[in-house]
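To find a chain, count down the sequence lines: A is the first, B the second, and so on, and within it residues start at 1.
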Amino acid sequence: MTTASLADPLDPLGPDQRTLLRLATAGSVDDGKSTLIGRLLFDSKQTFIDQMEAIERSSRTRGEDDVNLAYLTDGLRSEREQGITIDVAYRYFSTPRRKFILADTPGHVQYTRNMVTGASTADAALLLVDARRGVLEQTRRHAYLSNLLGIRHFVLCVNKMDLVDWDRPVFDAISEELTRFAGRMGVTDVQAIPISAKLGDWVVEPSQNMSWYPGPPLLELLETLEASDPPQHHASRFPVQYVVRPLREAYHDYRGYAGTMASGVLRVGDRVKVMPSGAETTVAGIDAFDHELAEATPPMAVTVRLTDQLDIRRGSMIVAADHPPIAASSIDAHVCWMSERVPLRERDRLVVKHTTQTTRALVEEVGARLDVNTLEYDLTASQLSLNEIGRVRLRLMAPLSVDPYDESRETGAFILIDEATSATVGAGMITAGE
Amino acid sequence: MTTTATRPAALDTLSWLEAEGIHIIREVAAELERPCLLFSGGKDSIVMLRLAEKAFWPARIPFPVMHVDTGHNFPEAIDFRDRRVAELDVELIVASVQDSIDQGRVVEETGPRASRNRLQTVTLLDAVLAHDFDALFGGARRDEEKARAKERIFSFRDAFGQWDPSNQRPELWNLYNGKLTRGEHIRAFPLSNWTELDVWQYIKREDLEIPSIYFAHDRPMFKRDGMLFPVSEFVPRLPGEDPFDARVRFRTVGDMTCTAGVLSEAETLEAVVAEIAATRITERGETRADDRFSEAAMEDRKREGYF
């Protein structure tokens with residue numbers, strides 16, 4: 001693979017402009033997911049000699065012919081014993097062009113909440129299909145949830161091509177089926193690659209066995225994937241996280257609002273509104289420790305100064321004056337329920353955490369429940385059990401400044417907390433607010 | 001104010017990681033009552049402390065830092081610790097394993113391989129109770145080992161300080177749930193998504209001072225279990241463990257009784273990072289494996305065993 005490298009690995013201290021791509025992948029026993037991840041780590045040369053020796057030993061101990069790369073991603077003891085992935089694991093690898101964080105999640109229905117967790121921070125989904133078995137229920141579920149969680153870029157790996165004699169029609173049929181399925185959900189960026197994770201074909205290097213595929217290999221595709229929208233396409237949102245009052249001699253009158261840019265671009269001189277009051281003011285300065293910035297974009301962590309003294313605290317949101325969010329006292333959302341203890345029922349009271357705001361909510365209606373296998377909604381549902389996803393209407397004790405999740409992940413997402421146990425019991429994606 | 005829409009460049013990885021770390025630190029400071037940052041003078045905690053400094057600037061860091069002190073320190077690391085704390089004008093709490101021993105809370109191991117490493121846990125948990133801390137910032141990273149790869153950024157500890165990997169709260173987006181039930185505290189890991197190389201690159205980019213033992217220096221050492229340990233009053237040597245002078249550096253600044261050094265000529269940050277990066281490159285198969293480099297990698301594994 002010849003690529004113009006931005007950061008020479010031999011000069012790791014040179015200015016490193018490499019960006020980050022966050023991926024989520026899901027799968028279950030035998031679909032070759034762990035082998036693929038092991039292969040990416042191994043072929044992108046992220047494994048240490050001693051790690052390799054250890055997995056060679058494991059492979060021998062368990063009577064396997066070849067070194068099983070899947071052992072590189074072995075996790076918790078119970079997982080190793082059962083041969084499955086239960087929880088999300090995060091893997092790190094890099095190439096001269098990009099750094100990657102891969103959320104490796106289980107594919108089983110009973111671990112849907114973990115798949116949702118992994119997808120919540122991902123830019124792209126890595127979908128894995130066994131060439132012999134084609135697009136399965138699990139593949140469709142993974143694709144559907146990825147889309148629901150706001151992922152618009154799918155990379156489809158048709159794996160185990162070695163077991164179907166590198167047959168092009170097999171690949172074409174699977175690729176067409178999934179592209180059609182994704183298209184129905186509105187996902188237009190689906191890139192399909194025929195691979196053999198076990199043998200390495202088209203993972204990092206071109207394949208002799210499948211010269212009918214023009215390339216590029218998976219890793220190169222991931223290196224060049226354009227996965228994020230330019231921030232200026234969105235209205236600016238800056239949830240206030242912490243009020244900075246130094247109370248030191250040198251900064252006696254300093255008052256800054258610390259937070260993380262959620263969407264859009266905030267520039268010095270911008271006219272802004274402060275939610276929930278709606279009061280207007282102007283951005284006087286944007287501070288980032290030892291220097292001032294002219295503008296801030298997601299996900300920069302900065303401190304904003306304003307020209308007027310207003311009542312601003314944690315939970316306030318500084319927003320574009322001409323394009324404010326919805327001040328919602330009631331929201332409609334897709335909710336993935338995560339509690340093992342109790343189902344989500346109408347009339348339940350829960351704590352909602354949205355950006356830096358926390359309030360209470362009353363469940364007014366559970367309107368529909370998704371069948372994650374048929375991907376159809378059951379409109380007669382009135383509650384959600386563990387791992388179920390449904391359309392829910394919540395009435396809020398205090399208004400929240402929200403956007404539809406489709407427009408802004410950061411200001412469209414919330415979690416639900418069980419007051420009795422303090423556990424996180426739900427993940428919500430806002431569709432509408434009023 | 002200009003009306004031309006400029007196109008802001010995507011953040012590079014280090015800036016992204018820095019922003020995430022600052023976000024996490026601010027969330028903890030905003031949602032928990034009594035946080036505390038664990039600071040050993042080691043490279044990861046140096047980076048974490050820098051993020052805390054940035055998170056609240058121009059205000060002081062609004063929580064104390066704590067060092068769990070086994071008493072078996074590299075003097076260079078303690079000097080550095082005290083200097084850095086004074087510079088930032090933050091409160092330093094030293095939780096001493098010696099005190100735990102004197103109070104009979106723990107019993108010191110004996111023999112030439114005795115270490116206070118495991119005793120630290122009791123000292124740490126006692127300090128959490130004594131100071132009523134509800135959150136501790138730690139510098140652990142998910143790339144360090146298998147179990148850590150699955151640990152949450154806000155990780156809960158029960159009243160016994162234990163982590164239950166099968167009962168972790170789901171953690172979505174950047175929405176961290178800091179609600180505690182009685183007796184619990186959280187460990188917050190702002191560097192979860194950093195790799196070892198990220199940490200070094202950041203130290204370089206920010207021009208951060210690190211203790212001198214990270215650089216190559218001459219020191220009396222002895223060999224045990226195939227590793228090089230520093231000669232110190234804390235470690236009785238076994239027959240045959242004769243001291244000799246060696247040019248070494250350390251990859252971590254832990255307890256002197258269980259921190260091994262690697263042979264090295266790297267006297268500058270550039271040289272240290274080149275050696276560490278070369279470790280990867282070697283093992284990525286790009287060049288032939290070199291004994292010294294693979295020894296450094298083995299040390300990583302050993303370190304996992306210790307903790």
Side-chain angles (χ1 to χ4, degrees), chain A residues 9 12-13 16-20 45-50 74-76 78 87-92 99 101 113 116-117 120-121 228 230-232 241-242 244-248 251 254 258 260 265 267 269-270 289 295 297 299-301 314 338 353 409-410 413-415 417 421-424 427, chain B residues 1 5 7-8 10-16 18-20 22-23 26-27 29-30 53-60 142-143 146-147 149-150 165-166 168-175 177 179-181 193 195 197 201 204 269-270 273-274 277 280-281 283-286 289 294 297-298 300-301:
Chain A
L13 286 177
D16 191 345
Q17 300 302 316
R18 281 181 290 177
T19 55
L20 186 66
K45 304 173 179 67
Q46 301 291 313
T47 40
F48 289 95
I49 287 170
D50 46 338
D74 259 359
L76 305 169
S78 59
D87 211 334
V88 190
Y90 295 91
R91 315 282 172 200
Y92 303 83
K99 294 188 179 182
I101 300 178
R113 65 172 174 175
V116 167
T117 299
S120 75
T121 51
S228 56
Q232 57 269 33
Q241 210 181 355
Y242 194 94
V244 178
R245 299 286 324 268
L247 307 173
R248 316 166 85 148
Y251 297 94
Y254 188 97
T260 300
V265 187
R267 295 187 173 89
D270 274 1
F289 185 57
E295 63 182 28
T297 54
M300 291 164 71
R314 176 175 169 83
M338 300 176 162
K353 184 171 179 184
R409 252 179 172 182
E410 278 70 19
F414 61 86
I415 56 170
I417 298 166
T421 62
S422 297
T424 303
Chain B
M1 187 187 143
R7 182 177 251 268
L11 284 194
D12 61 87
T13 303
L14 281 187
S15 303
W16 188 95
E18 177 191 66
E20 184 190 51
I22 290 173
H23 179 82
R26 286 170 174 166
E27 278 303 284
E53 182 185 12
K54 289 194 171 194
F56 305 103
W57 184 92
R60 280 186 198 86
R142 283 176 177 154
D143 78 331
K146 288 170 177 176
K150 304 219 163 183
S166 64
Q168 299 195 83
R169 291 180 184 174
E171 201 164 72
L172 297 105
W173 300 288
N174 60 355
L175 297 174
N177 173 2
K179 291 202 183 304
L180 298 176
T181 50
N193 285 322
T195 62
L197 192 57
Q201 287 182 321
K204 164 74 178 166
L269 194 54
E270 285 79 359
V273 178
R280 286 159 202 270
I281 289 165
E283 288 153 13
R284 294 153 145 204
E286 287 181 17
S294 56
M298 280 307 285
D300 264 0
R301 304 261 80 75

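Take Ala29(B) and apply the side chain to side chain contact (heavy atoms under 4.5 Å, CB included) test, not counting sequence neighbours, and it matches Tyr242(A), Phe56(B), Phe63(B). Ser120(A) pairs by the side chain to side chain contact (heavy atoms under 4.5 Å, CB included) definition with Leu149(A), Leu172(B), Trp173(B), not counting sequence neighbours.
With Thr424(A) as reference, Arg169(B) is the one residue of Gln168(B), Arg169(B), Lys179(B) to meet the side chain to side chain contact (heavy atoms under 4.5 Å, CB included) rule.
Atoms OG1 and CG, from Thr121(A) and Leu175(B) in turn, are 11.0 Å apart once rounded to the nearest 0.5 Å. Distance check, rounded to the nearest 0.5 Å: CG of Asp143(B) to OH of Tyr92(A) gives 7.5 Å.
In this structure, the side chain of Thr13(B) engages the main chain of Arg18(A) through a donor-acceptor pair within 3.5 Å. Of the possible donor and acceptor atoms, none in the side chain of Gln241(A) sits under 3.5 Å from a partner among the backbone N and O of Ala30(B).
Interface summary for chain A: among Glu20(B), Glu27(B), Glu18(B), the most heavy-atom pairs under 4.5 angstrom belong to Glu27(B). Chosen from Val116(A), Thr421(A), Thr260(A), the residue pairing most often with chain B at heavy-atom distances under 4.5 Å is Thr260(A).
Here the closest heavy-atom approach between residue Gln201(B) and residue Lys99(A) is recorded as OE1-NZ, 2.9 Å. Residues Leu180(B) and Ser422(A) share a closest heavy-atom pair of O-OG, 3.6 Å. Between Ala59(B) and Pro246(A), the shortest heavy-atom distance links the atoms CB-CA, 3.6 Å. A pairwise comparison of heavy atoms in Pro299(A) and Ala19(B) identifies O-CB, 3.2 Å as the closest pair.
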**Request:** Go through the steps to decide whether Lys353(A) and Asn177(B) satisfy the test side chain to side chain contact (heavy atoms under 4.5 Å, CB included), and finish with yes or no.
**Result:** CA-CA 8 Å; Lys353(A) 184 171 179 184; Asn177(B) 173 2; 5.9 Å; no

**Request:** Test Trp57(B) against Val244(A) for side chain to side chain contact (heavy atoms under 4.5 Å, CB included), laying out the working first.
**Result:** CA-CA 8 Å; Trp57(B) 184 92; Val244(A) 178; over 6 Å; no

**Asked** Checking side chain to side chain contact (heavy atoms under 4.5 Å, CB included) for the pair Ile101(A)/Trp16(B): CA distance, chi angles, key distance, verdict?
**Response** CA-CA 12 Å; Ile101(A) 300 178; Trp16(B) 188 95; 4.3 Å; yes

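Contacts of Tyr251(A) with chain B are made by side-chain atoms alone, with heavy-atom separations under 4.5 Å and no backbone atom involved. Heavy atoms closer than 4.5 Å to chain B are found in both the backbone and the side chain of Met300(A).
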